[in-house]
Each structure stands twice: as structure tokens, then as C-alpha cells.
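Please read the structure below before turning to the comments.
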Amino acid sequence: MIHCFKKQLMSWQIHDGVLLFSNQRIKAEVIELVKVQMSEILDKALTDSLKSLSQIIQELIYKIMNSAISLSHCSELFEISHIRTIYHMFIAALFLFIISTLAVDYIDQGRLVLDFDLFFYAFGQLGTVIWAWLIMFSYSLLGPYHVLSQWADLYHHCQWKMSVSVATAVTLLVAQMGILGYFPVYVVLHYQLPPASRFIVVLEQIRFLMKSYSFIRETVAAVLRAKPVKGEACRFPTLSSYLYFLFCPTLIYRETYPRNPYIRWNYVWRNFAKILGSLFYLYFILVRLCIPVLMNESNRPFSTRTLILAIFHATLPGMLMLLLGFFAFLHCWLNAFAEMLRFADRMFYKDWWNSTSFANYYRTWNIVVHDWLYYYAYRDFLWLSGHRLRPVATLSVFAVSAVVHEYTFTMGFGFFYPVMFCLFAVIGAVFNFTLSDKRKGPAWNIIMWTCLFIGQGVQVCLYCLEWYAQVHCPRTGTGFWELVTPRSWTCKI
């Protein structure tokens with residue numbers, strides 16, 4: 001009996017041991033399962049928190065960038081209360097132009113006349129402008145990119161590197177001169193486009209030339225520096241990055257740019273509405289301040305007294321045109337495209353209005369063009385001269401700028417009158433060296449603004465007088481001196 005009891009007791013102990021082992025195993029499995037689930041939960045929580053943190057950081061960076069841009073007077077310039085007040089004053093002046101125009105029309109004709117014939121004339125033949133632009137854009141996108149991609153593939157895998165490079169350079173030069181050089185001039189002259197349409201074609205021609213040159217310059221340098229592994233293709237920029245560059249508001253090519261996280265479409269539409277308002281503002285300035293005065297001046301015999309009176313009559317409308325051009329293009333147009341493309345670098349200009357020297361004014365008025373001239377004209381000239389001829393490099397930049405401005409106005413107005421060339425190449429260069437950065441104080445800012453007023457008056461006066469002289473006294477020949485001699489000097493009605 002005792003033996004049976006011992007046997008039963010041993011079986012219970014074995015059973016309890018098995019149960020204990022089983023419980024421990026289950027406990028271990030449960031603990032492991034809990035660990036796995038907790039790990040998954042923690043991983044998910046950390047991932048979500050990192051995503052939210054990343055979004056917070058992106059929004060913070062975006063706000064910081066906008067704040068920095070706001071401080072640099074580019075994107076949120078008119079959020080500053082003092083600048084907004086000046087902006088409101090210009091809007092009030094526009095309303096006064098509209099009211100005065102309507103009042104004069106009502107008094108003279110006994111009814112309200114909304115006549116925008118000048119506006120429609122200036123932007124005529126837009127269909128021709130569009131197809132000409134499409135041809136220039138298609139070439140600018142596909143021409144240099146395809147030629148350079150073929151050259152990059154051959155350069156590192158053939159023995160005749162110099163021959164391939166020379167053939168590529170000649171091909172690009174001929175193509176650039178034909179499509180972006182001769183073709184726009186042919187369109188402007190052959191179709192006799194009106195002034196605003198002419199300026200669109202010519203300015204787009206210059207923009208495509210500058211952008212394609214930057215792409216060629218940066219890509220060639222990158223290919224020459226590259227050392228691809230044998231059997232692998234040379235790294236080349238993507239077509240999408242070049243396409244983005246053709247539309248983003250910069251003239252310096254980079255494969256990537258800082259980008260904003262989202263698009264503020266209301267901001268885009270407001271900028272385009274401001275551009276349209278600026279065009280109407282320009283129309284009323286021409287109708288109310290320029291045409292009545294300068295048309296009468298053009299009917300008088302050319303004399304020193306006539307010229308001086310016309311210049312001072314044109315200073316106010318000339319300065320208003322300068323400010324409108326700055327606001328409509330450098331602020332509204334560039335910011336609108338930057339916003340649509342989420343382009344974060346909005347440094348299109350600096351506080352040029354506070355300049356106490358023309359050297360600083362030239363650097364801050366148009367940062368986009370200034371950077372291109374600095375990188376591809378000034379620095380390249382210094383490199384070629386061994387960094388020894390800095391004044392000559394500066395003069396070369398003024399010469400390039402003067403030639404381009406004169407070409408633009410000559411093609412835009414349809415006559416040669418080297419006002420812009422003289423202002424940039426001669427007077428601008430002299431002011432750059434005499435009114436340098438050493439000049440400080442509010443008096444020099446007043447001098448700078450006075451010179452701007454007079455310069456704008458000279459431009460508006462001389463070009464308007466020459467325009468009416470060309471109308472009243474058209475050319476009778478096609479000789480060289482007939483084409484380059486201003487008609488306003490000899491025209492007598």
C-alpha cells in the first residue's frame with residue numbers, strides 16, 4: 001500500500017513538473033509575443049512621430065525661408081506696413097488717372113469713352129509671337145541637351161577628344177546663331193510686329209540665349225571634371241532638370257534647387273492680377289502724361305530749349321514706368337513663376353532704393369541678371385586675364401549690358417537711337433567708378449534718385465520724340481547713315 005502511495009506521489013510530482021514547465025514555456029511565449037507587439041507599436045509610433053516631426057521641420061524651414069525672404073524684400077515685400085502704404089498711394093494715383101481720363105472724355109465728347117486702341121495695337125499679332133516662341137523653346141530644350149549628351153558619351157570613350165569637342169562647339173554655335181540669333185530677328189522684321197509683341201520675342205530670345213549658355217557652360221565643366229569608370233556611361237543631367245531650369249526664375253543652371261513644400265495658388269493669381277493692373281497703369285501714363293505733351297513737342301523745330309523742356313516733362317512718367325517695370329516683372333512675374341514651380345530662392349532684388357552709390361544700385365536692382373553677368377562675364381574675364389584686370393573686367397560687363405539693352409530697344413521700337421548704349425556704356429560706367437561704395441549718407445541717396453529721375457526722363461523723351469519723328473518723317477532710303485541718323489534731329493513738320 002505504501003509502495004502504491006509512493007508511486008502515485010511520484011506520478012503527481014512528474015505531472016506537476018510537466019505543468020510547471022508548460023506554464024513557464026507559455027509564459028515565455030507570451031512575453032516574447034508581447035515584446036514583438038510592443039516593438040511593432042513603438043516602431044509605428046516612432047515612425048509616425050518622425051513623419052510629423054519631419055513635416056513640422058519642413059513647415060518651420062518654409063516659414064523661416066519666407067521670413068528671410070520677407071526681410072530681404074523679395075517675396076513678402078508688401079507685407080511691410082510702410083511699403084504697403086506706398087503701394088496704396090500708387091493704387092490711388094491709378095484711380096485718379098482713370099477718373100481724369102473718363103472726365104476729359106465726357107467733357108470733350110459728352111459721353112464716357114473706354115478706348116484701349118493703343119493697348120490692342122501694342123500687343124497685336126500674338127499668334128505670330130506664340131508660334132515663334134514655341135520654336136525657340138523647342139530648340140532651347142532639345143537642341144543643346146541632345147548635342148551635349150552625345151558629346152558627353154563620346155568624350156570619355158574615344159581617342160579623338162579634341163576633334164569631337166571642336167565639332168560639337170561648331171554645331172552648337174551654328175545652331176544657336178540660327179535659331180536663337182537670326183530667327184527672332186527675321187520674325188520681328190518680316191512680320192512687322194507692333195512694339196509690345198516685338199519686345200516679347202526679343203526678350204524671350206535673350207532669355208533663352210542666357211539660359212542655354214548657362215546650361216552649356218555648367219554641363220561642359222561637369223563632364224570635363226568627371227572620371228567615369230570604364231564601361232560606364234558618363235553622368236549627365238536629366239532632361240526634366242533642364243526643363244525645370246528653363247521656366248524657373250534664375251539664369252544660373254543647377255541640377256537641383258531649394259523647393260517649397262506646397263503652392264499658394266491665391267498668391268499666384270494675385271500676382272498675375274497685379275501684372276495686368278500694371279499694364280493698365282502704364283497705358284494711362286502714356287495716354288495722360290506722355291502722348292499729349294511729347295506729341296506737341298515733336299511738332300516744334302528741334303532745339304535745345306525744346307529738348308530740355310521735353311526731358312523735364314518726361315521725368316515723372318519715366319520714373320513711374322521704371323517703378324512699374326520693377327514691380328510688374330521683378331516682383332510679381334518672377335514671384336508668380338517661383339510659386340508655381342515651388343522655387344524657394346526668391347532673391348530677385350535687394351533694397352536698391354536705399355543705395356547711396358550706383359555701384360550698389362547695379363548690384364541690387366536685378367539680382368537674376370547680375371548673377372549671370374558676374375559668373376559668366378566678370379569672373380570668366382578675370383580668369384582669362386589672370387585676375388589682373390579688374391577694372392577692364394567691370395567695363396566689359398558694362399559693354400555687354402549696353403549692347404544687349406541697345407539691341408533690345410532697337411528691335412523693339414524699330415529704329416536705331418543709341419540712348420541706352422550711351423547711358424549704360426558711358427554714363428553708367430562713369431557713375432559706377434565715381435559714385436562708388438565709398439559714398440555713404442542720405443545725401444548720396446538723394447543724388448542717386450535725382451540721377452535716376454533725369455535718366456528716365458532722357459530715355460522717355462528721346463525715344464518718344466524719335467518715334468513721332470519716324471511717323472511724320474519716314475525714311476526715304478536704306479543707306480547706312482539713313483538708318484543710324486535719328487530722324488528727330490532733322491524732321492520738320
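The closest side-chain donor-acceptor pair between Q176 and S212 falls under 3.5 angstrom. Side chains of Y375 and E218: no donor on one and acceptor on the other come within 3.5 Å.
Atom OG in S385 sits 8.5 Å away from atom CZ in R390 (nearest 0.5 Å). With rounding to the nearest 0.5 Å, the separation of OG1 in T219 from OH in Y242 is 8.5 Å. Annotation: the span from E339 atom CD to W269 atom CH2 amounts to 11.5 Å, rounded to 0.5 Å. From L384, atom CG reaches atom CZ of F381 across 7.5 Å, with rounding to the nearest 0.5 Å. Note that SG of C451 is 11.5 Å distant from CG of L423, once rounded to the nearest 0.5 Å.
Taking all atoms of both residues into account, the shortest heavy-atom contact from G318 to Q456 is O-NE2, 3.2 Å. Closest of all the heavy-atom pairs between V202 and T408 is CG1-CA, 4.0 Å. Closest approach of L193 to R198, counting heavy atoms only: O-NE, 2.6 Å. A175 and Y139 make their closest contact through CB-OH, 3.2 Å (heavy atoms, listed as atom of the first residue, atom of the second, distance). Between N260 and R342, the closest heavy-atom pair is O-NH1, 2.5 Å. When every heavy atom of Y145 is checked against every heavy atom of L239, the shortest pair comes out as OH-N, 3.1 Å.
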Can you list the steps and then say if L209 with Q205 is a side chain to side chain contact (heavy atoms under 4.5 Å, CB included)? CA-CA 6 Å; L209 278 170; Q205 171 198 18; 4.2 Å; yes
Show your reasoning for whether ring-ring contact (aromatic ring centres under 6.0 Å, His included) applies to F326 and Y349. CA-CA 9 Å; F326 158 75; Y349 55 89; 4.8 Å; yes
L324/I285 under side chain to side chain contact (heavy atoms under 4.5 Å, CB included): CA gap, chis, key distance, verdict: CA-CA 11 Å; L324 277 177; I285 290 173; 3.6 Å; yes
I would like to know whether C461 and F312 meet side chain to side chain contact (heavy atoms under 4.5 Å, CB included); could you show each step before the answer? CA-CA 8 Å; C461 165; F312 282 102; over 6 Å; no
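Taking the six-membered ring where the residue is Trp, the centroids of F431 and Y361 are separated by 6.0 Å or more. If you look at F215 and F245, their ring centroids are not closer than 6.0 Å.
Looking at heavy atoms from C-beta onward, Y362 lies out of side-chain contact with W352 at the 4.5 angstrom threshold. Annotation: side chain of W365 is not in contact with side chain of K350 (no heavy-atom distance under 4.5 Å).
Under the rule for a ring pair (Phe, Tyr, Trp, His ring centres under 6.0 Å), the partners of F413 that lie at least two apart in sequence or sit in another chain are F199, F409, F415, Y463.
More than 12 heavy atoms of other shown residues, nucleotides or ligands fall within 6.0 angstrom of atom CZ in F208. Surrounding CH2 of W372 are more than 12 heavy atoms belonging to other residues, nucleotides or ligands, all under 6.0 Å away. In the displayed structure, F337 atom CZ is contacted under 6.0 Å by more than 12 heavy atoms of other residues, nucleotides or ligands. Counting heavy-atom neighbours within 6.0 Å of W383 CH2, excluding the residue itself, gives a total of 12 or less.
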